[in-house]
Student: 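Next up is a structure, given as structure tokens.
To find a chain, count down the sequence lines: A is the first, B the second, and so on, and within it residues start at 1.
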Amino acid sequence: MDLEFGSEYDEFTKEVESFCKEYSNAIITSSNDKKFEMHDALSGNSNEKSGKIVSRSDWQRLLIEKGYFARSIPKEYGGYGGEPDIIKSRIIATEFSKHKVPNAMGGQGIDMLVPTLLEWGTEEQKQKYIKSTLHGETIWCQGYSEPNAGSDLANLQTKGELIDGKWVINGQKIWTSTAQFSQMMFCLIRTEPEASKHAGISFILIPMDTPGIEIRPLVDMTLKAGFNEVFFDDVTVPEENLVAKRGEGWSVANSVLGHERGSLANPNATMNRLNTLINLMKEETIDGRRLIDVPSYRDRLLQVQGKVMAVQAHSLRLLSSKINPNQNVKLGGMIQKLVGTELRHELEGLAIDIMGELGTLYEDDPNVRDGGSWQFTYMYFLGLIIGGGTNQIQKNIISERGLGMPREPKVTAEV
Amino acid sequence: MYFGLSEEQEFFQDNVKKFLADNASIEEIRKITSGEGQELQSEIYQGIINLGVNALLVPEKYGGLGLSLLHAVAISQALGNGVGPIPFSGSYVMAPLAVNLGGNESQREELLPKIASNEIRFGIGLSEFVGAREDAGLEIKNNKVSGRALFVMDAENSDKIILSTKAGILFLIDSKDKNLTINKLTTVDKTRTFHELILDKVNCEVLEESTKDIEIVKRVIDAGRIILAADTLGASESMIEKAVAYSKERKQFNRTIGSFQAVKHMCAEMAADLEPCYSLVWQAAHSFEVDSVNESRLLACQAKSHLSEIGKSISKKATEVHGGMGFTDLLGLHYWFKRIGLNRQILGAPEIVREEAAEIQGFNQ
């Protein structure tokens, strides 16, 4: 056991630390303010804002220039162009979290499309899309799920036909978050109707201003997060918007799905949120008594803390396995989405319970605590328990691929 | 940076695991726990001692191996995994630490080499320091101790026993003292022994440093809690393995039951619950050696409490996966269930330990 990163990282840590002190509690402004309204609560950032004011696009550029974002993405595509260094990435994440510095923009373009294009895209596609995505100029939405293709995603039916060198697309996508803000969608389309289920899908990029696209908002239970349904009626895009080969879409999508699952439950965010909860329990009272002095509340807090400490220690073990490739943590990686999302839901729910009636206040009620973020995040994480591969699907994956248990026999015919 | 057990720690763990797999099958455990296998038990005990576990935490200058608490954790996982019917947490983790931290130099010189050579075997009882039940408690007057101690660990076949006053003063008594009555307690877990001690003016030797600093007994308890958490970790791991293996064999409705999602999801939940526990227990053991007292005590408390909760849930679910067979003595799964159940209560049940964790963090201020 050796938790030191080594003295060769001391200087780097100092450099990051001094940057973080300068931008502690910075306020990032965005033309999409509405979309980022609850961003801080989700990522565990503090909501006491007192630092410098920076625009979203300047912030992205500054972080790339420093190498604190898009660190290992080549310079020619708009990244920092550094060698991949897991320890440096960890130092950046830790210092940002410690000093309450806002993170770089995330979202599906940055988290999923950029790695996809780096692995599968043509040179032209990389040049065209990566830089503007990293700078926050091109926002992407993901067109995967359909009304009849949820957990059984490969059952998707949105159809694409190549006619006169152009893709003509018809069908419907659902659960498309940020569609209303997005310039582009990366989409799974059935282009090979004769091929088997998984081999008939292609990965196609669609500009959202193409005629024939209709976006209908699908309001979720938080009333804030904003999903959409997206309808395609003879939507026509150039042939070169295909990523990889025809019929390779399933492999393309799967190559980055694992990344999304891990990123849904960042342990640093959970730890920050726990600390916010502890402060809340010291400030709020019932019958004049601090909530943290109520034994039953305190015990529940300590139970959640034990779980948070366990997943935090676990993230160190996973980090270690990336640095030391001989270390086997196969099962350890598979459980992250399941454990992380359930834990956040529990933690946010505890905050509501200890506040009692006050915990039900929401939106702009004058008595609402922390801007309603506890209720919002409690519900949002229920969404994440369901989204990104439901936690029941996660349990199938853990038991089949992790524990080697047999698959459920296929039902051959509907009765 | 490396977070995990070292090759050396895994080596100790694998050796203990292998030894138990070869020498302590369910039939043998059953024989020992029914009181008919004393010879068998001494063979197992001797076999584990031959692997060096008694000398593990004794510093090198006193003839020991001078290894870390994480080594002891690695071994404790293996013992929990195989429900090893031998003394360990008390005799070879808490006792050497109590002597090393609580003894003066001449006491260390006198006692530690004898632990390392296994000339003396210690039991230890600190339950009353953590929280006294009934009228239990000990008082020292004119170098003689009177009172009652419950749930003394590893006192069977011991030469000496380490006890504590409520004020945290550690002292030794002779297990054969004529003024001492030792009663074996019948607990659910028959793979280890626990005793009641009734003392009536028993001669004692106070561990001198422990009179100056109450932290010493607390540190010994921290270590004990981490080791018990590791035992639960190993036992839980074994229960999951057994449940998964059984689910792949047992058929109902013409299918192995492991192909039913109801069963698969129980197994996945167990695995997902336990996986972060390895990290928590290992970090707690590491922290014990390198971090401040408060930091490491918080981790020790949370490791003990969290593993108690997870262990309880896993021992229930793993038994359920086995269906009716899980409930039988025939399969012997209950040895793991009971071991986890006992670990949960000793040296502080979860609620008690969490209250300590709250205090450490100043939540009461």
Student: Side-chain contact, heavy-atom cut-off 4.5 Å: A:Lys395 with B:Glu269?
Tutor: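 A:Lys395 vs B:Glu269: side chains touch.
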Student: Highest number of heavy-atom pairs under 4.5 Å with chain B: which of A:Gly332, A:Ser399, A:Ser315?
Tutor: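 Heavy-atom pair counts peak at A:Ser399.
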Student: Please state whether the side chain, the backbone, both or neither of B:Ser247 comes within less than 4.5 Å of a heavy atom of chain A.
Tutor: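 When you check distances to chain A, only side chain atoms of B:Ser247 fall under 4.5 Å.
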Student: Taking the side chain as every heavy atom from C-beta outward, state whether B:Phe363 and A:Met281 have any atom pair closer than 4.5 Å.
Tutor: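 B:Phe363 vs A:Met281: side chains apart.
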Student: Quick one: NZ on A:Lys307 to CG on B:Leu280, what's the gap to the nearest 0.5 Å?
Tutor: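 A:Lys307 NZ to B:Leu280 CG: 13.0 Å, rounded to 0.5 Å.
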Student: What I want to check is whether the side chains of B:His265 and A:Asn396 have a donor and an acceptor closer together than 3.5 Å.
Tutor: yes
Student: Please classify the contact of A:Ile323 with chain B as side chain, backbone, both or neither, using a heavy-atom distance under 4.5 Å.
Tutor: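 Contact with chain B: side chain only.
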Student: Heavy-atom pairs under 4.5 Å with chain B are the metric here; pick the option from A:Leu301, A:Leu338, A:Leu318, A:Leu3 that has the most.
Tutor: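 Sorted descending by pairs with chain B, the first entry is A:Leu3.
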Student: Measure distances from A:Gln392 to the heavy atoms of chain B and classify the residue's part below 4.5 Å as side chain, backbone, both or neither.
Tutor: both
Student: Could you list which of residues 5-17 of chain A have a heavy atom closer than 4.5 Å to any heavy atom of chain B, in residue-number order?
Tutor: A:Phe5
Student: Taking only Lys NZ, Arg NE, NH1 and NH2, and the carboxylate oxygens of Asp or Glu, determine whether A:Arg317 and B:Glu275 approach each other closer than 4.0 Å.
Tutor: yes
Student: Heavy-atom distance under 4.5 Å between the side chains of A:Asp299 and B:Glu355, does that happen here?
Tutor: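 When only atoms from C-beta onward are counted, B:Glu355 and A:Asp299 do not touch, as no gap falls below 4.5 Å.
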Student: Quick one: does B:Gln361's side chain get under 4.5 Å of A:Gln305's, heavy atoms only?
Tutor: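 The answer is yes; the side chains approach within 4.5 Å.
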Student: Just wondering, do B:Leu298 and A:Met309 contact through their side chains at under 4.5 Å, heavy atoms?
Tutor: yes
Student: Between B:Pro276 and A:Ile335, is there a side-chain heavy-atom distance shorter than 4.5 Å?
Tutor: yes
Student: Salt-bridge test for A:Glu408 and B:Arg255: reply yes if a basic N is under 4.0 Å from a carboxylate O, no otherwise.
Tutor: yes
Student: Using heavy-atom distances under 4.5 Å, tell me whether B:Lys264 contacts chain A through its side chain, its backbone, both, or neither.
Tutor: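 Both parts, heavy atoms under 4.5 Å.
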Student: Check whether any side-chain heavy atom of B:Ser259 sits under 4.5 Å from a side-chain heavy atom of A:Met405, and report yes or no.
Tutor: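 No, too far: nothing below the 4.5 Å cut-off.
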Student: Testing the 3.5 Å rule here: is there a donor-acceptor pair between the side chains of A:Gln303 and B:Glu309?
Tutor: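 Looking only at side-chain atoms, B:Glu309 and A:Gln303 do not form any donor-acceptor pair under 3.5 Å.
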